[in-house]
Amino acid sequence: MGEKAGRRRPGPLAGLLVAVVVAAGCMGGGLDQGEPEQPGPRQSGQPASPGADSTRADGTTSVAEFKQDFSDAVGIAERYWTERFRDSGKQFQPIRRVVPYTRSGEVSCGGEGLPRNNAVYCSAGDFIAYDVNWSVGAFRQVGDAFLFYLLGHEYAHGVQVRLGIRYNFTIQQELQADCMAGAYIGDNVRSGTLTLAEGDLDEFREGLLAVGDDPDQPWFAEGSHGTAEQRTDSFFRGYENSLDACGLG
């Protein structure tokens, strides 16, 4: 996946994409309270050196490429939601900052340090925080699509806050965020802002079917994200039908 005027060939969408995202979780549906603690955040385009053993088949492995793709994902999300809010006669305030971190506890949300291998939207500080080593590792193994899904899902939590959406159960919050991420990606593909390589959607669908909560986990359990079928359905409803499918009205 890449921008229409891209600097390189679009990378593949693979099953590991969503599997990695789900493994990290969103910490309470992305609605924890808190602010980043010292040391202060670096700019979102300055991740630390990665450590990943395996690399992408298309050879996209450099930190510079990660930086550029991550910057693209953030910028496209900001433009997308600004336009959607404008269409509804509202003004959109982009998420205040994106905070990379490398150590467990380096960034705090609601007084609780974030663990490694995670990404989260923190509402009180209005920021997205992510473990940069984990993210670059996934980028090397999966491709740039991971970054667009990751940003799309976490950015959706920020949009939920701006719209005053808060469900009783985390699974409702998470499935809606999956739908919104699907709409964000699908709408940008249809507009030509993002491009997909042949077979990408089939691989993405197969990956979504391979992830999800344990079937025995109660749907109402705190932190539930939904079964593989639920997550697949939510994402592709958004991808195919845009935001009208996501219950925002």
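We count residues from 1, following the sequence as given.
Proximity of Phe235 to Ile185: side-chain heavy atoms (C-beta onward) are separated by under 4.5 Å at one or more points. The shortest distance between side-chain heavy atoms of Phe236 and Asn241 does not fall below 4.5 Å.
Each of Phe169 and Ile165 belongs to its own hydrophobic cluster when Ile, Leu, Val, Met, Phe, Trp and Tyr are linked at side-chain heavy-atom distances under 4.5 angstrom. At a threshold of 4.5 Å between side-chain heavy atoms, the hydrophobic network of Ile, Leu, Val, Met, Phe, Trp and Tyr places Leu175 and Tyr121 in two separate groups. Grouping the Ile, Leu, Val, Met, Phe, Trp and Tyr side chains by contacts below 4.5 angstrom, directly or via other members, places Leu163 with Ile128. Residues Met180 and Leu194 share a hydrophobic cluster, clusters being chains of Ile/Leu/Val/Met/Phe/Trp/Tyr side chains in contact below 4.5 Å. The hydrophobic cluster containing Val161 also contains Val74, counting ILVMFWY residues as joined when their side-chain heavy atoms lie under 4.5 angstrom apart, directly or transitively.
Distance check, rounded to the nearest 0.5 Å: CZ of Arg96 to SG of Cys122 gives 10.0 Å. Rounding to the nearest 0.5 angstrom, the gap separating the OG1 atom in Thr195 from the CG atom in Asn188 is 11.0 Å. Distance check, rounded to the nearest 0.5 Å: OG of Ser135 to CG of Asn117 gives 9.0 Å. In this structure, the separation between CG on Leu243 and SG on Cys179 is 7.0 Å, given to the nearest 0.5 Å. Atom-to-atom distance recorded for Gln93:CD and Asp126:CG is 7.5 Å, nearest 0.5 angstrom. Separating the NE2 atom in His157 from the CZ atom in Arg162 is a distance of 13.0 Å, to the nearest 0.5 Å.
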Audit row: Tyr155, Val98, side chain to side chain contact (heavy atoms under 4.5 Å, CB included) steps and yes/no: CA-CA 10 Å; Tyr155 219 97; Val98 179; 5.9 Å; no

Worked verdict on Phe220 versus Asn168 for side chain to side chain contact (heavy atoms under 4.5 Å, CB included): CA-CA 9 Å; Phe220 52 81; Asn168 292 328; over 6 Å; no

Worked verdict on Arg116 versus Trp134 for side chain to side chain contact (heavy atoms under 4.5 Å, CB included): CA-CA 8 Å; Arg116 294 178 59 193; Trp134 162 73; over 6 Å; no

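The shortest heavy-atom contact between Phe127 and Ser108 is CZ-O, 3.7 Å. Heavy-atom minimum distance, Asp131 versus Asn133: OD1-N, 3.0 Å. Minimum interatomic distance between Ile95 and Gly158 (heavy atoms only, all atoms of both residues): CD1-CA, 4.1 Å. Shown here for Cys246 and Gly238, the closest heavy-atom pair between the two residues is SG-CA, 4.3 Å. Residues Ser104 and Pro115 come closest through the heavy atom pair OG-CA, 3.8 Å.
In summary, Lys67 and Asp72 do not engage in a salt bridge, as defined by a charged side-chain N under 4.0 Å from a carboxylate O.
Within the structure, salt bridge (charged side-chain N to carboxylate O under 4.0 Å, His left out) contacts touching residues 186-195 (residues at least two apart or in different chains) are Asp187-Arg190. Residue pairs satisfying the side-chain hydrogen bond (donor to acceptor under 3.5 Å, both in side chains) criterion with at least one member in residues 175-184, sequence neighbours excluded, are listed as follows: Tyr149-Asp178, His153-Asp178, Gln160-Gln176, Tyr167-Gln176, Asp178-Arg231.
For Phe70 and Tyr130, the distance between ring centers is under 6.0 angstrom.
The backbone N or O of Thr227 lies less than 3.5 Å from a partner atom in the side chain of Gln230, making a donor-acceptor pair. Gln173 places no side-chain N or O within donor-acceptor distance of the main-chain N or O of Thr170, the cut-off being under 3.5 Å. With hydrogens and angles ignored, the 3.5 Å screen pairs no side-chain donor or acceptor of Glu240 with any backbone N or O of Arg237.
Residues Thr232 and Glu229 have side chains that never bring a donor and an acceptor to within less than 3.5 angstrom of each other.
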